[in-house]
Protein chains: 2
Amino acid sequence: MAKKNGPKRCYSFGARGADGDAKQKALLGGKGANLAEMSAMGLPVPPGFTITTETCAEYLTAGRRLPAGLMAEVGRLVKRLEEDAGKRFGGDPPLLLSVRSGAAVSMPGMMDTILNLGLNDEGVEVLAAASDVRFAYDAYRRLINMFGTVVKGVAHEHFEAAFDRIKKRHRVTRDHQVPAAGMKQLCRAYAKVYARHVGAPFPQEPMAQLQQAIEAVFESWNKPSAVTYRAINEITGLTGTAVNVQTMVFGNLGPDSGTGVAFTRNPATGEDLLYGEFLVNAQGEDVVAGIRTPQPLTALADWNPAVAAELAGIRKKLERHFRDMQDVEFTIERGKLFMLQTRTGKRTGAAAVRMAVEMSEQRLINRKEALLRVPAKDVTQLLLPSFAPRDKERAQLVARGLPASPGAASGKLAFTAAEAVARAAHGEQVLLVRKDTSPEDVDGMHHAAGILTSTGGMTSHAAVVARGWGKCCVAGAKDVEIDAAKGTVRIGEHVLGRDSVLSLDGTTGEVFVGGLKTVQPEGISGHFATLMGWADKHARLKVQANADTPADARRARQLGATGVGLCRTEHMFFGDKRISAMRQMIVAETPAQRAKALRKLLPFQRRDFVGILTEMAGLPVTIRLLDPPLHEFLPHSRTAQAAVAGQLGLPSRLLQRRVASLEESNPMLGHRGCRLAISYPEILRMQVTAIAEATIACRRKKIDARPEIMIPLVSAQRELHLLRAMAAETMATVKKAEGYRGKLHIPVGTMIEIPRAALTADSIAAEADFFSFGTNDLTQLTFGFSRDDIGSFLPRYLEEGILDRDPFQSIDQHGVGEMVRTAVERGRSVKKKLRMGVCGEHGGEPRSIGFFHEIGLDYVSCSPFRVPVARLAAAQAALR
Amino acid sequence: MAKKNGPKRCYSFGARGADGDAKQKALLGGKGANLAEMSAMGLPVPPGFTITTETCAEYLTAGRRLPAGLMAEVGRLVKRLEEDAGKRFGGDPPLLLSVRSGAAVSMPGMMDTILNLGLNDEGVEVLAAASDVRFAYDAYRRLINMFGTVVKGVAHEHFEAAFDRIKKRHRVTRDHQVPAAGMKQLCRAYAKVYARHVGAPFPQEPMAQLQQAIEAVFESWNKPSAVTYRAINEITGLTGTAVNVQTMVFGNLGPDSGTGVAFTRNPATGEDLLYGEFLVNAQGEDVVAGIRTPQPLTALADWNPAVAAELAGIRKKLERHFRDMQDVEFTIERGKLFMLQTRTGKRTGAAAVRMAVEMSEQRLINRKEALLRVPAKDVTQLLLPSFAPRDKERAQLVARGLPASPGAASGKLAFTAAEAVARAAHGEQVLLVRKDTSPEDVDGMHHAAGILTSTGGMTSHAAVVARGWGKCCVAGAKDVEIDAAKGTVRIGEHVLGRDSVLSLDGTTGEVFVGGLKTVQPEGISGHFATLMGWADKHARLKVQANADTPADARRARQLGATGVGLCRTEHMFFGDKRISAMRQMIVAETPAQRAKALRKLLPFQRRDFVGILTEMAGLPVTIRLLDPPLHEFLPHSRTAQAAVAGQLGLPSRLLQRRVASLEESNPMLGHRGCRLAISYPEILRMQVTAIAEATIACRRKKIDARPEIMIPLVSAQRELHLLRAMAAETMATVKKAEGYRGKLHIPVGTMIEIPRAALTADSIAAEADFFSFGTNDLTQLTFGFSRDDIGSFLPRYLEEGILDRDPFQSIDQHGVGEMVRTAVERGRSVKKKLRMGVCGEHGGEPRSIGFFHEIGLDYVSCSPFRVPVARLAAAQAALR
């Protein structure tokens, strides 16, 4: 039905089949493409058509004007819908239409749906005559409400307040208890609300309604909340949203009607059972918006066994067809089932893992597909925090809601998104506490430690968004009364304010008063272990962990780390006795004094190393020599300096002078890393002595200790040359002093974290047994961004699209990545088999891991918690 | 005379001709090669031989042992000298020898000369019998003294004290007044001093003396002072020093003997006349060490016209032969002239320029040679500071010394090299005040603003070293009595301490009490203008200047700048009214408030730009938009904040909060450069408005204003894209508002100073009309070195040879340079003719300029004062 000389802008679907199919997501949006696909599969889809995403782009680039001819084409297609339904848009019997947005990527943030288009003051009477007065006016008030809020931006409260007045007048508390007369009054009240806030009466012309609704959908593409959502979820490259115009079917035509949402498997656990909720005598928005609390789908068979059976069949058909778990919306109009939408469903990490493994076992997909299907970052959720059972027993359980998104979190209470953002920015751990959430709240939800809502179900906005992030959420906790204006929460007799603390268990839905300690899950088992096993078979990149203590090392090993890629030694100097010796070392005025203080530190270091090497027996442990500037070990307030001076037996003045002499304008670029070892060779000698002695001690206990020494912040080959020689000399001295006769080969490598080191990697390689890319510092220096200071400008950079993503979270492949790639090539041009890895934050981030695989690194090292993510990402990189 | 199976280690020279020649400087050292050359030219050179620099390297690498067979060969050559002279080494008549060091590059720091070798208790009597008792014992005491200090490291004071006692005993004040008996006593006294401090008697065996002297010369190669001198002067790649063993001739054999040093042209002014000094009845060390003040060579003809005429002839011959100004040492022994040494003479920048031009006019050299002969950095000396004549008239002249090195300087007084280093490190401007200087003082001399000595001549150590650096020096100011122990200087009735201030005029030799304002010379004229004209004909690189004010711009233009390559706008905000508006802008809480404050700044900016554009009419002026972080404009102390808050009419608390919110951990990597313009587009709009309005105002006055806009700190193409669009929009707005009908094309370019910008220069080039490399920041980021913080480790890096030179002074070609080269290639891969230059400190440094020429930049921009340096360096780069 395209115009002869232009692009095809509208694609029909319905009982006659469809113009499009599921592959056309970019053009038709996910919803539109799947409606077409379902039509083609013969599923009962109410007929309609999709206006393409390209039309949206045309609209936006042409100064927000619909392309010429579009509405004429829409008119022709509406005519076809009229013919199919035997009804008339704005006529008798009245054809009603819905308008929904639908981009290529599902964005739960964009909810700009308008139902019941086509009704007006006249049509509602016709509809009432054809069906039921209450139903007709209920439909009309919904249209005015949605059109008012979505198209014209009238605040929902104004409609809500009018509804409350009507309910009060009729002495009822719930929407469905309002009688037909009340609904008529409500429509008049809504029309007044509309006219007052819009400054014009509600449009009576159906095609005008439709046109404005289409425009509103297009407009919603650039709403700040949608933009933020795309930014947070790193969604780029889309041209716009499609618009789905579809014949209305009604779930609110009486007790034999209803509406619901379903997942073909449980999206929280992955269990292979139909999962979802429905509401009798309701429209879809009632389920999604969480205004009424629905019944589980397990109750569907009791209400209408035929529909339940049909839905079960559709579930099988959909999974066989789409080979993935589907998230569907359906409506039963007077006993007849209609499928309104299907899409691949969002799921928790645990569910993704279980589904992938089970679908593979069910031969729906193969193992490679299974591995690729689980978003690597989501497997962290399987290691999400929970509360210790003992703590929970003792804690005061005050409410129960739905287990909307697993995990556990405690925090103070924030009542608006803005408040959550602001307080989180000040370092507070807050829970966002809301009656329900909407796209406007996305930013606040992102910054909160957890989310608690008093209304809404498992598929409410809050629940869907939180699950997507693996963030703890308890939804629909009805006993929680929130007064956002006052900033209080009442739960039974408890009245809580902004500074009160609640604890949420998103896995059970429990709400506790007070803070609870969270515990991390141990280990990997069940489907998770199966998937990780498959992953390790396919991965080429090895995964190591960053671990500074024996406990970290043990945990890393449990999570599958094949070594310690970064053991930071500085954290070892902060213990009580250690910090004092460390400070003596720093204030020392002669090498001899410094050496004396270092001798005190030596036994501590040795013990730490023995512990870590023992835990990692048989696996490499890469120990980085002292890295931070020395002033980090000294107190900065005058009073603390006085106290420390007392402990050290020094005049305060002297300590103050030393602190002052160590101050730097730009510590990131100052006297740290290997520059310290060059200024104070005693420090390097002590650390290398501790490593060598620890290794000998382990080996004498038959522990296969495999330490490696890593020199940080190298910028010139001769730094490494000098320090490597010093380390070798020290090791030889220890070996001799210990009378050790075994081989004591401890490789010495370097971090590549300074641009100059990357550029001169060929000359540096000559001195190095391995390279470990410190992509945090490399990012700081390549961009000239101080990670501590980017808060003042980076958010704007992301908003403006100057950068696609935060380069500290995911490696900047174009700039920093180019530098890494260059270093890899130059390093290997000298030593073909030079071992190379990454030990920055990026080592645990899937997109970055894909890049590291591609450029030929040997390993990544990340925090223990992210080791499973990295293992899966490494496998996916190899499979792609 | 080489050993059959080894390298030739000794090269003879003298009346019989020579084994070597002037080309063998690397092997024979400069002194040895030139002695050979002079011998071959038939000049009267006392015979001798040179032990090669390779032998020095052999000695040093073989654990400080002379190669086997060396001393045997030396013995054979001494025999030949005995035969030539008809004397015996340690016999009768006694042959005496001198030993001098001599590396490939002249190092005035290494003065380890020993004279009169071969004398002992017996030989001195023989010599006395053959000549004169006083002469013989004078020669012997000199040997003991030099051997003691140079070979055995006995402090000179011990000998000095013994001499003072003898002079007192004989009631004389000057050395030459001591009678023969006194000299005998002195020898006994020196022998005791020697034995007491060395722990062994003075060696009586002549060959043992010779061997130890040779070893001492080799040892001196690695003396800290020599190492420091090489480091400061960037002398690398040498293997060691040669040793010159030569038959002694004596300038102290009576009133018909004498010694002197001469330059074939005046080394301070370049005048084409023999220039130098001599002392009657003295040895060479008396001239060089500045212990006695010599007579000018103009007096030579009065004393011995024949010698004067011979020397004049030798001068011509030397210049024709070496085609450069020579620095010679000579001795007249009983009326006969001997040439002891020749080498290319050091000269001031002014002298270098004049000589180059005049030698070219005299056809000694061609113009290209003339251009290559002047060390580019030395031409700054022609623009050296001086005191304003008016100020000098009013100032208190307290002493006069020799104008040893031109320029002018004021400072407090430092009495030791160490003190000068320490106080300079704390930011004090100090003058180093010494009786005389020695190689140990080199570091202190380098750190002092100027040097004042109370003894010594134009060729004293202090004078030679200071001239080499273009540092102001007044030498031999006899009325200045220095008590280094007490830290006081007495000049007539003035007693001055460490915190007193003196002013030195190195061009006149005047010393003033108190500080004087220095003034910079204006313009370029005479020989200098001639040379600069030749330079501009050969240079390919254009030279622009960094200038922030109309006065700077005018000066830059006078010095030959062909544009302003960097006009920093931030300095324009520090004026009294401006800083207040600037602060209002910074504390503004809304864009409207900010815009209001910016409107106040606009007229100031416009006026500045009109001024600079007018001065540079017809030449480009590259204006960099605001670069530093905003906190630089706010006060940091609480009291200053309170005062400013008062001025701004704000609560102190608010200002404190704003200051605190702007604080950064690493300001160098923070919210600055174009990041400011992205956060606060109003700032960019104000600046671009001022530029556009200033341009229009100029053009309406028929002034050919050629501004260019430069965006700093770009790291991503989209930054530039956004800001360029904003600038274009602003220019269009101004053009319209002004009703300007002419073309208003103002190019918009970017600084490349962030590694990422260099790496992604291809994509950035698409948005840029030009690139200007900010090599200061690029060096900071490529090395991860904060220029403000390197003081704590960079000196060590240079000492240890980890870096060859300070990368902020001369560009690191291997790392930073590689980055620049990459950016040039990538930028030009997109825009073949993209204009590119440098506006960092390196733009005025000759070695860096050579590199920038080589990689194909179009221009360099440097401080006005360095423009002539850059013009010459650009020509030299093109000629090499």
Side-chain angles (χ1 to χ4, degrees), chain A residues 629-630 661-673 675-676 678-679 713-719 721-722 753-760 763 777-794 796-797 800-804 807 812 814-816 818-819 822, chain B residues 629-630 661-673 675-676 678-679 713 715-722 753-760 763 777-794 796-797 800-804 807 812 814-816 818-819 822:
Chain A
L630 297 183
S661 78
L662 289 172
E663 261 171 23
E664 297 187 307
S665 305
N666 296 289
M668 204 263 129
L669 309 174
H671 200 176
R672 49 175 284 248
R675 299 164 197 173
L676 290 173
I678 291 190
S679 300
L713 218 71
V714 164
S715 61
Q717 187 226 21
R718 280 179 262 173
E719 289 172 321
H721 177 79
L722 195 77
E753 54 188 335
I754 299 254
R756 192 174 189 279
L759 292 173
T760 62
S763 74
D777 276 7
L778 196 58
T779 299
Q780 296 199 81
L781 292 168
T782 302
F783 271 95
F785 285 176
S786 161
R787 197 147 61 136
D788 297 330
D789 303 315
I790 48 172
S792 52
F793 58 89
L794 195 64
R796 181 102 180 209
Y797 270 54
E800 299 263 358
I802 293 172
L803 295 176
D804 288 334
D812 160 51
H814 195 38
V816 182
E818 159 85 6
M819 191 91 83
T822 300
Chain B
L630 297 183
S661 79
L662 289 172
E663 262 170 24
E664 297 187 306
S665 305
N666 296 289
M668 203 263 130
L669 309 174
H671 200 176
R672 49 176 285 247
R675 299 165 197 171
L676 289 173
I678 290 186
S679 300
L713 216 71
S715 60
Q717 186 226 21
R718 279 179 262 174
E719 288 172 321
L720 191 57
H721 177 81
L722 196 76
E753 53 188 335
I754 299 253
R756 192 174 188 278
L759 292 172
T760 61
S763 74
D777 276 6
L778 197 58
T779 299
Q780 296 200 79
L781 292 169
T782 303
F783 271 95
F785 284 177
S786 161
R787 198 148 60 136
D788 298 330
D789 303 314
I790 48 172
S792 52
F793 58 90
L794 194 65
R796 181 104 183 204
Y797 270 54
E800 299 264 358
I802 294 172
L803 295 176
D804 288 334
D812 160 52
H814 194 40
V816 182
E818 158 84 8
M819 191 92 81
T822 300

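Bear in mind the structure is a predicted one, so any value in this text is a computation, not a measurement. Order of the sequence lines sets the chain letters (A, B, ...), proteins ahead of strands, with each chain counted from 1.
B/Asp789 and A/Arg672 are not joined by a salt bridge, as no carboxylate oxygen comes within less than 4.0 angstrom of a charged side-chain nitrogen.
Residue with the most contacts toward chain B among A/Ala758, A/Pro667, A/Ala716: A/Pro667 (heavy-atom pairs, distance under 4.5 Å). In terms of heavy-atom pairs under 4.5 angstrom with chain B, the leader among A/Ser792, A/Ser715, A/Gly670 is A/Ser792. Per-residue heavy-atom pair counts under 4.5 Å with chain A were compared for B/Glu663, B/Gln780, B/Glu664, and the maximum is reached by B/Glu664. Chain B forms the most heavy-atom pairs under 4.5 Å with one residue out of A/Ser661, A/Gly815, A/Ser665, and that residue is A/Ser665.
A search for side chain to side chain contact (heavy atoms under 4.5 Å, CB included) contacts involving B/His814 returns A/Arg756, A/Thr760, A/Ser763, B/Asp812, not counting sequence neighbours. Evaluation of the ring-ring contact (aromatic ring centres under 6.0 Å, His included) rule for A/Phe783 yields A/Phe785 as partners, not counting sequence neighbours.
In this structure, A/Glu800 CD and B/His721 NE2 are separated by 11.0 Å, a value rounded to the nearest 0.5 Å. The line from CZ of A/Arg718 to CG of B/Leu803 is 7.0 Å long, rounded to the nearest 0.5 Å.
Looking at A/Ile802 and B/Arg675, their side chains never come closer than 4.5 Å, going by heavy atoms from C-beta outward. Between B/Ile678 and A/Tyr797 there is a side-chain heavy-atom pair separated by less than 4.5 Å.
In this structure, the portion of B/Leu759 lying under 4.5 Å from any heavy atom of chain A is its side chain and not its backbone. With a 4.5 Å cut-off on non-hydrogen atoms, B/Glu818 touches chain A through its side chain but not through its backbone. Neither the backbone nor the side chain of A/Gln717 comes within contact range of chain B; no heavy atom of the residue lies under 4.5 Å from a heavy atom of that chain. Neither the backbone nor the side chain of B/Glu753 comes within less than 4.5 Å of any heavy atom of chain A. Interface remark: B/Ile790 contributes no atoms to any contact with chain A (heavy atom separation under 4.5 Å).
A/Asn666 places no side-chain N or O within donor-acceptor distance of the main-chain N or O of B/Ser786, the cut-off being under 3.5 Å.
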